[in-house]
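Throughout, protein chains are lettered first and strands after them, A, B, ... in sequence-line order, and every chain is numbered starting at 1.
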There are 2 protein chains.
Amino acid sequence: MAEKKSAEKGLSGGKEKTDLKTLARHLDISQTTISRVLNGTAARYRISEATQQRVLEAARKFNYQANVLASSLRSKRSRTIGVMVPEISEGYSSAVLSGIEDELLFAGYFYFVVSHRHRTELLRQYPSLLLSRAVEGIIAIDSDIQADLSVPVVAVSGHRNRPSVVNIELDHQLAAHHALEHLKQLGHRRIAFIKGQTFSSDTRSRWRAICKVAAELGLEIDPQLVVQLQDDGPGVDSGRTATAALLERGQLFTAIFAFNDLAAIGAITLLRETGLEVPRHISVVGFDDILGAATNNPPLTTVRQPLKEMGRVAAKTLLHMLQSSKDGWPKHSIRILPGFVERHSTAPPAVPPRNAFHSN
Amino acid sequence: MAEKKSAEKGLSGGKEKTDLKTLARHLDISQTTISRVLNGTAARYRISEATQQRVLEAARKFNYQANVLASSLRSKRSRTIGVMVPEISEGYSSAVLSGIEDELLFAGYFYFVVSHRHRTELLRQYPSLLLSRAVEGIIAIDSDIQADLSVPVVAVSGHRNRPSVVNIELDHQLAAHHALEHLKQLGHRRIAFIKGQTFSSDTRSRWRAICKVAAELGLEIDPQLVVQLQDDGPGVDSGRTATAALLERGQLFTAIFAFNDLAAIGAITLLRETGLEVPRHISVVGFDDILGAATNNPPLTTVRQPLKEMGRVAAKTLLHMLQSSKDGWPKHSIRILPGFVERHSTAPPAVPPRNAFHSN
DNA sequence: CTGAAAGCGCTTACAG
DNA sequence: CTGAAAGCGCTTACAG
């Protein structure tokens, strides 16, 4: 009964599905030969042109598509990879995913997406769940994979020092230089910083780079002007909160360098509500160059991460790792160069209205 | 050689992976029994408590995870579905995906995503590619699936009248009513419309609803005030272009109802560049309530689509269809109620500056 | 140049 | 209550 039901509604499903056996019987050719023709190894086995033609034609006519499950099980190649993201609905992840997809589908690979939403138990379970799904490799976007996996891993903005993990890393130093040099040139000296959430792996490396570059440029970082994004809301709220906390300290500053565009937009909104105009009173530099950055009011000056390209590079790298032995794997992180987009959220500093820093 | 290499790097992969046979040998219990215990059918076969305990413990100890490929192949249940989207990096699709994921992972399902980017050959190929991947069902987001498939299909904002397709449909009539009633109350009579791209399946149904509701409210629709989004860029550019075309017609209007928030934001940007302020000179109503709508300047008045919920409903519906026979499937579209968010891009109409409609 | 047979790792009638 | 054996639909040594 249960068996019967699944036979009706099961994977074999529709009217039109042909299997190898049927095709073989129809052509009076062995499954072996058909498989070889369809998998492009005909030449290796010197299968006659005539046979190849017959097979190809019949396959088309019967609309034959090999069952990937069976093929994967036997051949140990699933042509599937897993992608771990914090949250698929965020622009960051979905932009990278778009690049990954470009490469993968071109190579005949499909991918599973899992979002862990920063929950540790999901972060722990997902890698092995993906492995039980027979993925050949994993791309982790801003996600720390703790376990050592049996498949190659490429990490985008999440740096692991493990032998089987290759990192795709933004050049944070250059990024920091872009932003700070720009602010310095405009004349800013009192610059506030909104650091990223602790769970984001970019936070540390970017902050280190900022400190280093600031020192090089002779810019002092006042600990009183450093705040950190706290919670995990998808929107701009954590940027607002952080900016409010910053204002509460009552310290003078003329610019903010935000961890990302969302935080920058949140900062601008909050500043506006307290009577501070951007960039007239305060300049704000974002990070990422998300879709909304250009259409924000004012349009955001921001460090541009080439997210889609990072996805493409990640996928390309993983595919390469799948095809070569470990000694062919990249030895180091793969460095991605950020851009810088000057729009209208930055300007030379001006003295802020006198009550600005005494709002509650 | 090739065989050997794949055995090294293949799916069986890591050190820690155990298979059923090994486990059975170790426990001196048949694979059958182990499989039953692990699949939760122990009760049905009255497997003794003691045996169950031993199996469970060993499975944990050896970190046994059934190979889903093998299991799917035999049982005809892949616990995988396919999701077709126009473009994964767009907020619309990724918000719906987020809701889908909520439900699916809870039920032990994984999903493949494919983006067709409105290319017809991809739209045609993907369904059968997904079927060859043994998906049990497909969710199509804003994507017309032409073929009749052998698996159940749920369409989100893409309405097919086919027996095996269930539609998740926004109540466009209510949506149109929200927006037009709001504009009417404010005093607007000359309302311009930016229609959606022809490839978007929502375009037609929404426009029909708008025409109907406009008639009901006694609002006239001037064909001269109707423009359409043309190209397929992900950003706000098509909204700008459409608005420019609208202005070029030199007709008076006091409000715009845009097909989506991106177009609305594009419209606002373009209006601003030609010296028209929103909402002082022109009111703009968006559609979707994407993340950027609230932080736009001015914050967007917009029809809210509960995208994540639509994803959840789509997944729930598909899972339900997979578990019941066809007579248990929903007979009609499943209707989703839109909300309406009044922010600051709308206001009572004012006479526009006299040169406004003679810009080139 | 081609094919018969084994086997991937499971689940499931079938038998007891 | 439990298990031996068949089989899902492929690919791949192996043999000729």
Side-chain angles (χ1 to χ4, degrees), chain A residues 1-7 10-13 17-25 27-55 59 64-79 131-134, chain B residues 1-7 10-13 17-25 27-55 59 64-79 131-134:
Chain A
M1 174 59 187
E3 176 81 335
K4 192 164 157 224
K5 190 164 159 196
S6 87
L11 308 184
S12 60
K17 228 164 197 172
T18 326
D19 63 8
L20 241 200
K21 202 200 278 181
T22 312
L23 206 60
R25 207 159 32 204
L27 285 169
D28 202 31
I29 294 181
S30 74
Q31 299 185 209
T32 306
T33 299
I34 297 178
S35 171
R36 283 171 179 153
V37 172
L38 264 25
N39 289 323
T41 50
R44 189 186 308 166
Y45 294 97
R46 306 172 185 220
I47 294 171
S48 72
E49 262 305 318
T51 306
Q52 291 190 44
Q53 284 314 320
R54 286 186 61 211
V55 168
Y64 174 73
Q65 293 249 53
N67 179 325
V68 179
L69 249 35
S71 154
S72 302
L73 181 62
R74 181 59 176 91
S75 69
K76 307 282 177 207
R77 306 220 59 189
S78 64
R79 275 166 294 157
L131 288 180
S132 78
R133 291 273 176 165
Chain B
M1 173 59 187
E3 177 81 333
K4 192 164 156 226
K5 190 166 161 196
S6 87
L11 308 184
S12 61
K17 227 165 198 171
T18 326
D19 64 6
L20 241 200
K21 203 200 278 181
T22 312
L23 206 60
R25 207 158 34 205
L27 285 170
D28 202 30
I29 292 180
S30 74
Q31 298 185 210
T32 306
T33 299
I34 298 178
S35 171
R36 284 172 179 153
V37 172
L38 265 24
N39 289 322
T41 50
R44 189 186 308 165
Y45 294 97
R46 306 173 185 220
I47 295 171
S48 73
E49 261 307 318
T51 306
Q52 291 190 45
Q53 285 313 319
R54 287 186 61 209
V55 169
Y64 173 72
Q65 293 248 58
N67 179 324
V68 179
L69 249 36
S71 153
S72 301
L73 181 60
R74 181 59 176 91
S75 69
K76 305 284 179 206
R77 306 220 57 189
S78 62
R79 276 167 292 157
L131 288 180
S132 77
R133 292 273 177 165

query = Within the modelled atom types, does a donor on one side and an acceptor on the other bring the side chain of B/S75 and the base of C/dT12 under 3.5 Å apart?
reply =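 When only heavy-atom distances are counted, B/S75 does not reach the base of C/dT12 through any donor-acceptor pair under 3.5 Å.
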
query = Does a side-chain N or O from A/T51 land closer than 4.0 Å to OP1 or OP2 of C/dT2, or not?
reply =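 True: A/T51 side-chain N/O within range (under 4.0 Å) of C/dT2 OP1/OP2.
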
inquiry  = I'd like to know if the side chain of A/S75 and the backbone of A/S71 have a donor-acceptor N/O pair within less than 3.5 Å.
reply    =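 At least one qualifying donor-acceptor pair exists.
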
query = Do side-chain atoms of B/N67 reach the backbone of B/L69 as a donor and acceptor pair under 3.5 angstrom?
reply =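 Yes; at least one donor-acceptor contact below 3.5 Å.
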
ask   = Per the side chain to side chain contact (heavy atoms under 4.5 Å, CB included) rule, which among A/I34, A/V55, A/T33 passes with A/I47?
value =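 The passing option is A/T33.
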
task = For nucleotides C/dA5 and C/dC1, find the distance between their P atoms and express it as a whole number of Å.
result =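 Each nucleotide's P atom is 24 Å from the other's.
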
List in chain and number order the residues that pass side-chain hydrogen bond (donor to acceptor under 3.5 Å, both in side chains) with [X], two or more places apart in sequence or in another chain; answer none if no residue qualifies.
X: A/R36; value: none
X: B/T22; value: B/D19
X: A/S132; value: none
X: B/Q65; value: A/S128

inquiry  = Let's test your reading of the pairing rules: Watson-Crick or G-U wobble, both distances under 3.5 Å, then write DNA chain C as a dot-bracket string with ( ), [ ], | and dots.
reply    = |||.||||||||.|||

Between [N] atom [atom2] and [X] atom [atom1], what is the distance in whole Å?
X: B/L69; N: C/dT11; atom1: CG; atom2: C1'; answer: 14 Å
X: A/L27; N: C/dT2; atom1: CG; atom2: C1'; answer: 14 Å
X: B/L73; N: D/dT11; atom1: CG; atom2: P; answer: 12 Å
X: A/K76; N: C/dA6; atom1: NZ; atom2: C1'; answer: 14 Å
X: A/R77; N: D/dC10; atom1: CZ; atom2: P; answer: 19 Å
X: A/Q52; N: C/dC1; atom1: CD; atom2: P; answer: 10 Å
X: B/Y45; N: C/dT12; atom1: OH; atom2: P; answer: 7 Å
X: B/Q65; N: C/dC10; atom1: CD; atom2: P; answer: 11 Å

Nearest-nucleotide pick for [X], side chain only, options being [options]:
X: B/D19; options: D/dA4, C/dG9, C/dT2; value: C/dG9
X: A/T33; options: D/dC10, C/dG3, C/dG9; value: C/dG3
X: B/R74; options: C/dT2, D/dG9, C/dT11; value: C/dT11
X: A/Y64; options: D/dG9, D/dT2, D/dC10; value: D/dC10

Indicate, with a heavy-atom threshold strictly under 4.0 Å, whether [X] touches base, sugar-phosphate, or nothing.
X: A/T32; answer: base
X: A/L20; answer: base
X: B/S71; answer: sugar-phosphate

message = For A/S30 versus A/A24, what's the shortest heavy-atom pair and its separation?
response =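 That closest heavy-atom pairing would be C-CB, 4.2 Å.
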
message = Show the nearest heavy-atom pair for residues B/S78 and B/S72, with the distance to one decimal.
response =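 Looks like CA-OG, 3.3 Å.
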
query = Using a heavy-atom distance cut-off of less than 4.0 Å, which residues of residues 34-43 of chain B contact DNA chain C?
reply =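 B/S35, B/R36, B/N39 - these, ordered by number, are the residues of the stretch whose heavy atoms sit under 4.0 Å from the strand.
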
ask   = Is any side-chain heavy atom of A/L38 closer than 4.5 Å to a side-chain heavy atom of A/Y64?
value =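 Result yes, sub-4.5 Å side-chain heavy-atom pair found.
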
